[in-house]
**Q** 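I'd like to ask you about the structure that follows.
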Amino acid sequence: MRASTLFARAQHAGVMTLDVITSDPYNNITDSIFTKIGVNLHRQPNHPIGIIKSAIYDYFDREHPGIFHTFDNLYPVVSTKANFDDMLVPADHVSRNPNDTYYVNRETVLRCHTSAHQSEMLRRGEVAFLVTGDVYRRDSIDATHYPVFHQMEGVQVFSPADWEAAGLDGTAYAERELKRALEGMAKHLFGDVEMRWIDAYFPFTDPSFELEIFFNGQWLEVLGCGVMQQAILDAAGRPGHKAWAFGLGLERLAMVLFDIPDIRLFWSGDQRFLKQFKAGDLKAKFKPYSKFPPCYKDVAFWINDQFTENNLCEQVRTIAGDLVEEVKLIDNFTHPKTGRTSHCYRIAYRSMERSLTDDEINELQNQVRE
């Protein structure tokens, strides 16, 4: 990608290269991740991600006219305090590890979730809001995982007068309103589907739930949610109040609703993909326009204590970009005398737009091996 294009994208997002790729020893953000900042798929009305976002916004505006404020262009670089501490994420939680999170420095990250803006919104006096944005997590490589995806955060705050009028305590009232809102949203997106609530755990809500729907013959998780932890409300200047909160992945919903088989397709500029979708149309189904063959290459190596699969996937992504479809562990061996362990990974290369040549795949694989 040309430097001028990178600059234009970053400038549009209000993020400059030096804001995120620095010489700080804790920095682990790659050029390939930087190129995604400012693309803003969720702000493109005819893109599947934008279509889902708009449908959810329309639902809340219809059910609660003028109540919910929406935000979809917030700065993606946030403090670790906003991303973790304000959300009561434990100090030893795996998500804080640089193996899982993109760090600018020890105090600053690319947001891992749109919940990173929750406390900020509450302190600003917002009491009902939806926040949508691109989020960043170091992850495995397969058809359903990508290091950049899109989330929506929803919050509604209630006062004692609300639950007293209903004859309920604050937690019970917030839970009731939460489930009413989200069941209605699921029906708005998927039709009159069967639903069930599963008890869950999230550090920032209690009680916590996952909503599942029975769709296309199977139970599918739609979102996680719950009654906001009182400590979050208190710290944000809302003592004595209750609130519900939910978070959902827009790619996950779009893949289910539109029958999109590979998460990489969302980043495709191919008009054969993009022209299949139109703003406001939730009935569209993806029609495959080509299926180029995969090319499989194996790589084996001895591992040490510092090895992680996420680091391997990050390295492969940096070299091959979206040409890599999957990285899968196919064998491991521990030497009986030395105790050393080796892993063998199978890398699947496949373009969604053209056939790949042996020469270009061999060149990529040689770089991976190095």
**Q** Identify the two heavy atoms, one from Ala279 and one from Ile51, that lie closest to each other, and give their separation to 0.1 Å.
**A**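 What the structure gives for the nearest pair is CA-CG1, 4.0 Å.
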**Q** Does NZ or CZ of Lys179 fall inside the cone over Trp197's six-membered ring, less than 6.0 Å from its centre and within 45° of the axis?
**A**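 Positive - Lys179 is close enough to the ring of Trp197 and near enough to its axis.
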**Q** Group every Ile, Leu, Val, Met, Phe, Trp and Tyr by side-chain heavy-atom contacts under 4.5 Å, then state whether Val316 and Met352 land in the same group.
**A**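 No, separate clusters.
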**Q** For a 4.5 angstrom cut-off between non-hydrogen side-chain atoms, does Met195 reach Lys187?
**A**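 The answer is yes, as the side chains (C-beta and beyond) meet within the 4.5 Å cut-off.
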**Q** Could you report the tightest heavy-atom contact between Thr80 and Val109, atom names first, then the distance?
**A**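 Scanning both residues, the minimum pair turns out to be CG2-CG1, 3.8 Å.
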**Q** Looking at every heavy atom in both Thr114 and Gly133, which two are closest together, and how far apart are they?
**A**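 Thr114 and Gly133 have their closest heavy atoms at CG2-N, 3.7 Å.
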**Q** Quick one: which residue pairs count as a salt bridge (Lys or Arg N to Asp or Glu O under 4.0 Å) with a foot in residues 149-165, not counting sequence neighbours?
**A**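 Of all non-adjacent pairs touching residues 149-165, none passes salt bridge (Lys or Arg N to Asp or Glu O under 4.0 Å).
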**Q** For the NZ atom on Lys275, are there more than 12 heavy atoms of other groups (residues, nucleotides or ligands in this structure) within a distance under 6.0 Å?
**A**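 Result for NZ/Lys275: open.
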**Q** Working note: Ile361 + Cys295, criterion side-chain contact (heavy atoms from CB on, under 4.5 Å); need CA distance, chi angles, decisive distance, verdict.
**A** CA-CA 8 Å; Ile361 294 305; Cys295 178; 3.6 Å; yes
**Q** Between the side chains of Asp139 and Arg137, is the shortest nitrogen-to-carboxylate-oxygen separation below 4.0 Å, so that they form an ion pair?
**A**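 Salt bridge: no.
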**Q** When the ring centroid of Tyr57 is compared with that of Phe68, is the distance short of 6.0 Å?
**A**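 No, they do not, as the ring centres are separated by 6.0 Å or more.
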**Q** Could you check whether the rings of Phe190 and Phe215 sit parallel, tilted or perpendicular, using 30° and 60° as the cut-offs?
**A**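 It falls in the perpendicular class, over 60°.
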**Q** Please lay out, stage by stage, how Val148 and Ile33 fare under the test side-chain contact (heavy atoms from CB on, under 4.5 Å).
**A** CA-CA 8 Å; Val148 188; Ile33 293 301; 4.1 Å; yes
**Q** Between Val222 and Leu248, does the side-chain contact (heavy atoms from CB on, under 4.5 Å) criterion hold? Intermediate values first, please.
**A** CA-CA 7 Å; Val222 174; Leu248 57 82; 5.6 Å; no
**Q** Which heavy-atom pair separates Thr132 from Met152 by the least distance, and what is that distance?
**A**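 Closest pair (atom of Thr132, atom of Met152, distance): OG1-CE, 3.5 Å.
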**Q** Check whether any side-chain N or O of His188 sits under 3.5 Å from a backbone N or O of Ile56 as a donor-acceptor pair, and report yes or no.
**A**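 Checking the backbone N and O of Ile56 against the side chain of His188, no donor-acceptor pair under 3.5 Å is found.
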**Q** Does Asp206 reach the main-chain N or O of Gln229 with its side chain, forming a donor-acceptor pair under 3.5 Å?
**A**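 No, the answer is negative, given that no donor and acceptor are paired below the 3.5 Å cut-off.
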**Q** Just say parallel, tilted or perpendicular for the rings of Phe286 and Tyr289, cut-offs at 30° and 60°.
**A**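 Perpendicular, since the angle between the ring planes exceeds 60°.
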**Q** Just how far is it from atom CG of Leu233 to atom CZ of Phe158, taken to the nearest 0.5 Å?
**A**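 CZ of Phe158 is found 11.0 Å from CG of Leu233.
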**Q** Going through the checks in order, is the side-chain contact (heavy atoms from CB on, under 4.5 Å) test met by Ile263 and Thr144?
**A** CA-CA 5 Å; Ile263 196 168; Thr144 61; 5.7 Å; no
**Q** Does a side-chain N-to-carboxylate-O contact under 4.0 Å join Asp298 and Arg346?
**A**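 A salt bridge is present here (some side-chain N lies under 4.0 Å from a carboxylate O).
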**Q** Got a salt bridge between Arg43 and Asp134, using NZ or NE/NH1/NH2 to carboxylate O under 4.0 Å?
**A**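 Result for this pair is no, no salt bridge flagged.
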**Q** Looking at Arg138 and Cys313, would you say the former's side chain and the latter's main chain have a donor-acceptor pair under 3.5 Å?
**A**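 No, the answer is negative, given that no donor and acceptor are paired below the 3.5 Å cut-off.
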**Q** Does a salt bridge link Asp72 with Lys53, judged by any charged N lying under 4.0 Å from a carboxylate O?
**A**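 Looking at Asp72 and Lys53, the cut-off is met.
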**Q** Once you round to the nearest 0.5 Å, how far does SG of Cys225 lie from CZ of Phe209?
**A**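 One finds 7.0 Å between SG of Cys225 and CZ of Phe209.
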**Q** Please report the closest heavy-atom contact between Leu257 and Ile52, naming both atoms and the distance.
**A**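 Scanning both residues, the minimum pair turns out to be CD2-CD1, 3.6 Å.
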**Q** Relative to each other, are the rings of His335 and Phe333 parallel, tilted or perpendicular (30° and 60° limits)?
**A**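 Rings of His335 and Phe333: perpendicular, over 60°.
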**Q** Does the Ser79 side chain pair with the main chain of Ala82, one donor and one acceptor, at a distance under 3.5 Å?
**A**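 Yes.
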**Q** Side chains of Arg252 and Phe149: does their closest heavy-atom pair fall under 4.5 Å?
**A**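 Side chain of Arg252 against side chain of Phe149, heavy atoms only: no contact under 4.5 Å found.
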**Q** Atom CD in Glu360, atom CG in Leu323: separation rounded to 0.5 Å?
**A**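 The CD atom of Glu360 sits 6.5 Å away from the CG atom of Leu323.
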**Q** Quick one: does Tyr136's side chain get under 4.5 Å of Val20's, heavy atoms only?
**A**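 SC-SC contact between Tyr136 and Val20 ruled out.
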**Q** If you count the non-hydrogen atoms of other residues, nucleotides and ligands that lie under 6.0 Å from CZ in Arg106, is the total more than 12?
**A**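 No.
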**Q** Spell out, yes or no, whether Leu41 and Leu189 are grouped together once hydrophobic residues are joined by side-chain heavy atoms under 4.5 Å, including indirect joins.
**A**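 Same hydrophobic cluster.
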**Q** With the side chain counted from C-beta on, respond yes when Met121 and Leu74 share a heavy-atom pair under 4.5 Å apart, and no when they do not.
**A**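 Yes, close enough: below the 4.5 Å cut-off.
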**Q** Taking Asn366 for the side chain and Asn362 for the main chain, is one N or O donor matched with an acceptor at less than 3.5 Å?
**A**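 Looks like yes, one N/O pair under 3.5 Å.
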**Q** Please determine whether residues Val227 and Leu88 belong to a single hydrophobic cluster, defined as Ile, Leu, Val, Met, Phe, Trp and Tyr linked transitively by side-chain heavy-atom distances below 4.5 Å.
**A**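 No; Leu88 is not reachable from Val227 via cluster members.
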**Q** Do Val157 and Phe60 land in one hydrophobic cluster if side-chain heavy atoms of ILVMFWY residues count as linked below 4.5 Å?
**A**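 Not linked; separate clusters.
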**Q** Can you tell me how far CD1 of Ile49 sits from CD of Gln44, rounded to the nearest 0.5 angstrom?
**A**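 Result: 10.0 Å between the selected atoms.
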**Q** Between Ile213 and Leu223, is there shared hydrophobic-cluster membership here, with clusters defined by ILVMFWY side-chain heavy atoms closer than 4.5 Å?
**A**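 Same cluster.
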**Q** Counting distance only, does the side-chain N/O of Asp331 pair as donor-acceptor with the main-chain N or O of Cys344 below 3.5 Å?
**A**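 Here the side-chain-to-backbone pair does not exist.
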**Q** Using the side-chain contact (heavy atoms from CB on, under 4.5 Å) criterion, which residues pair with Ala116? Sequence neighbours excluded.
**A**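 Only Val78, Asn83, Arg111, His113 meet the side-chain contact (heavy atoms from CB on, under 4.5 Å) criterion with Ala116.
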**Q** Please examine the side chains of Ser119 and Ile232, heavy atoms only from C-beta on, and report whether any two atoms are closer than 4.5 Å.
**A**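 Yes, close enough: below the 4.5 Å cut-off.
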**Q** Taking Val127's backbone N and O only, do any of them form a donor-acceptor pair with Arg238's side chain (distance below 3.5 Å, no angle check)?
**A**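 No.
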**Q** Can you measure from CD (Glu175) to OG1 (Thr205) and round to the nearest 0.5 angstrom?
**A**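 With rounding to 0.5 Å, CD (Glu175) is 11.0 Å from OG1 (Thr205).
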**Q** Between Glu251 and His150 (side chain of the first, backbone of the second, donor and acceptor by atom type, cut-off under 3.5 Å), is there such a pair?
**A**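 A pair under 3.5 Å: yes.
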**Q** Salt-bridged, Glu120 to Arg124, with N to O below 4.0 Å?
**A**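 Yes, Glu120 and Arg124 are salt-bridged.
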**Q** Does Asn97 use its side chain to pair, donor to acceptor, with the backbone of Asp100 at less than 3.5 Å?
**A**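 Here the side-chain-to-backbone pair does not exist.
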**Q** In Å and rounded to the nearest 0.5 Å, what is the OG1 to CD distance from Thr30 to Gln315?
**A**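 So the OG1 of Thr30 and the CD of Gln315 are separated by 10.0 Å.
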**Q** Locate the shortest heavy-atom distance separating Asn28 from Tyr103; write the atom from each residue and the value.
**A**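 Taking Asn28 first and Tyr103 second, the nearest heavy atoms are OD1-N, 2.6 Å.
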**Q** Go through the structure and list residues passing side-chain contact (heavy atoms from CB on, under 4.5 Å) with Asn304, not counting sequence neighbours.
**A**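 side-chain contact (heavy atoms from CB on, under 4.5 Å) check on Asn304 returns Gln306, Phe307.
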**Q** Can you tell me if Ser268 and Glu353 form a side-chain donor-acceptor pair at under 3.5 Å?
**A**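 Per modelled atom types, Ser268 and Glu353 side chains form a pair under 3.5 Å.
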**Q** Under the 3.5 angstrom rule, does the side chain of Gln276 hit a backbone N or O of Lys287 as a donor-acceptor pair?
**A**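 Side chain of Gln276 to backbone of Lys287: a pair is present.
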